[in-house]
Amino acid sequence: MALNNEIRLQKYLSQCGLASRRKAEELIKAGRVRVNDIVVTDMGIKIHPGQQTVSCDGRLIVPRKQLIYILLNKPRGYVTTLSDPQGRPIVTSLVKGIAERLFPVGRLDLDTEGALILTNDGEFAQKVQHPSHQITKTYEALVAGHPNKDKLASLAAGITIDGRRTAPAHLIVLKRSKHATHVQITIHEGRKRQVKKMFEAILHPVLHLKRIAYGRLQLHNLETGKYRQLNSGDLEKIFLEFPLQTRK
Ligand code: URA
């Protein structure tokens with residue numbers, strides 16, 4: 001909300017998230033809204049947000065903060081915490097020119113790269129991470145050796161790590177080289193080091209790990225260390241399942 005522009009009182013109230021414009025008009029008519037502590041019932045009044053105080057039923061009405069959503073292609077060597085006692089670089093330092101305090105949605109290990117959402121919207125972050133939403137996360141893992149069909153099937157069915165069985169996963173072998181295999185794996189849990197532990201459990205440790213998607217929101221050709229702001233269409237994709245059976 002531009003702070004130095006005049007704006008109709010009912011529009012201000014609705015932009016602050018108090019109520020719809022029509023409901024805001026009703027609140028004004030009912031004498032429940034005050035500007036600079038004076039009751040205002042005149043519908044034509046305009047205010048200067050930031051220069052006058054507006055309250056409703058005694059509660060100060062202030063502009064909603066601008067909500068920001070960013071998709072970053074995290075490089076290896078960056079921590080996903082907001083500070084690091086060991087002085088390692090933190091992911092938020094890669095985002096320039098945004099005054100809002102951003103934090104990562106979930107985590108990626110120091111040596112994992114790929115898709116990481118940053119936001120200042122705590123409610124959204126909670127929703128994405130809440131198990132009830134079962135957001136799928138898709139990774140490309142380079143694993144040592146050549147896991148056979150049975151081992152991959154055991155990961156897909158669920159395998160015990162840290163004393164608890166993992167939920168079913170989806171795996172596709174993308175490529176085999178002489179000593180390693182590229183596997184795409186989609187999971188919808190977010191346990192710590194989950195993908196690495198799953199492959200450790202079948203004795204094919206992960207050599208390199210990259211998250212390529214949250215739900216259907218994919219990194220595509222976003223370069224390592226670069227980011228882009230997400231729009232509402234992108235945010236919706238997070239809640240859709242990764243298209244199975246396809247290879248990116
Ligand atoms: N699984 C892991 O093992 N590491 C990550 O960083 C993400 C998922």
Side-chain angles (χ1 to χ4, degrees), residues 70-84 86 88-95 102-119 125-131 133-145 147 151-152 154-174 180-220 222-227 237-239 241-242 244 248:
I70 278 172
L71 179 65
L72 168 74
N73 186 350
K74 174 195 173 297
R76 302 174 83 164
Y78 279 73
V79 293
T80 54
T81 45
L82 292 178
S83 63
D84 185 57
Q86 296 175 51
R88 293 169 298 187
I90 60 175
V91 282
T92 46
S93 69
L94 292 163
V95 179
L102 301 177
F103 51 86
V105 178
R107 60 178 165 244
L108 283 180
D109 297 336
L110 184 69
D111 61 350
T112 301
E113 57 178 307
L116 185 70
I117 295 175
L118 303 172
T119 186
Q126 257 193 346
K127 190 169 163 190
V128 171
Q129 292 176 92
H130 198 277
H133 290 287
Q134 303 224 325
I135 304 289
T136 57
K137 274 139 316 203
T138 301
Y139 299 84
E140 277 182 14
L142 180 68
V143 305
K151 285 187 170 180
L152 293 175
S154 71
L155 291 187
I159 194 163
T160 302
I161 56 170
D162 299 331
R164 204 154 52 89
R165 207 176 161 84
T166 57
H170 189 267
L171 293 102
I172 304 172
V173 172
L174 299 175
T181 306
H182 252 110
V183 183
Q184 180 183 291
I185 174 166
T186 300
I187 58 174
H188 58 255
E189 295 167 298
R191 298 203 228 161
K192 204 167 179 200
R193 299 187 67 249
Q194 177 161 347
V195 175
K196 290 179 187 158
K197 285 182 178 170
M198 286 171 77
F199 282 101
E200 268 161 29
I202 60 162
L203 306 178
H204 290 278
V206 169
L207 306 173
H208 181 249
L209 188 62
K210 178 175 185 174
R211 178 155 63 202
I212 59 161
Y214 284 80
R216 258 184 219 185
L217 177 70
Q218 298 184 55
L219 269 184
H220 289 305
L222 191 64
E223 281 174 39
T224 307
K226 301 281 187 229
Y227 58 91
K237 284 187 192 161
I238 295 170
F239 296 89
E241 265 189 40
F242 190 77
L244 297 179
K248 277 204 287 182

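Remember, predicted model here, so these are calculated numbers, not experimental data. Computation of the quantities below employed the complete heavy-atom set of this structure, encompassing side-chain atoms and omitting hydrogens, waters and symmetry-equivalent molecules. All residue numbers in this chain count up from 1 along the given sequence. Both counts, for ligands and for their atoms, begin at 1 and track the order of listing.
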Check each N or O atom of ligand 1 against all protein N or O atoms and list the pairs under 3.5 Å, with atom names and distances to 0.1 Å, one per line.
unit_1   : atom_1 : unit_2 : atom_2 : d
ligand 1 : 1 (N)  : V195   : N      : 3.2
ligand 1 : 3 (O)  : R193   : O      : 3.2
ligand 1 : 3 (O)  : Q194   : N      : 3.4
ligand 1 : 3 (O)  : V195   : N      : 3.3
ligand 1 : 3 (O)  : K196   : N      : 3.0
ligand 1 : 4 (N)  : D109   : OD2    : 2.8
ligand 1 : 6 (O)  : D109   : N      : 2.8
ligand 1 : 6 (O)  : D109   : OD2    : 3.4
ligand 1 : 6 (O)  : T112   : OG1    : 2.9

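When only modelled atom types and interatomic distance are considered, H208 and E113 share a side-chain donor-acceptor pair under 3.5 Å.
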Pair up each side-chain donor or acceptor in residues 154-162 with any protein partner under 3.5 Å, not counting sequence neighbours, and list the distances.
unit_1 : atom_1 : unit_2 : atom_2 : d
S154   : OG     : K151   : O      : 2.7
D162   : OD2    : K197   : NZ     : 2.8

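Both the sub-6.0 Å distance and the 45° axial angle are not jointly satisfied by K196 relative to the ring of Y139.
The side-chain contact (heavy atoms from CB on, under 4.5 Å) test applied to E223 returns K226, not counting sequence neighbours. Considering only residues two or more places apart in sequence or on other chains, L94 meets the side-chain contact (heavy atoms from CB on, under 4.5 Å) condition with L72, P75, Y78.
For M198 against I187, the heavy-atom pair with the smallest separation is SD-CG2, 4.3 Å.
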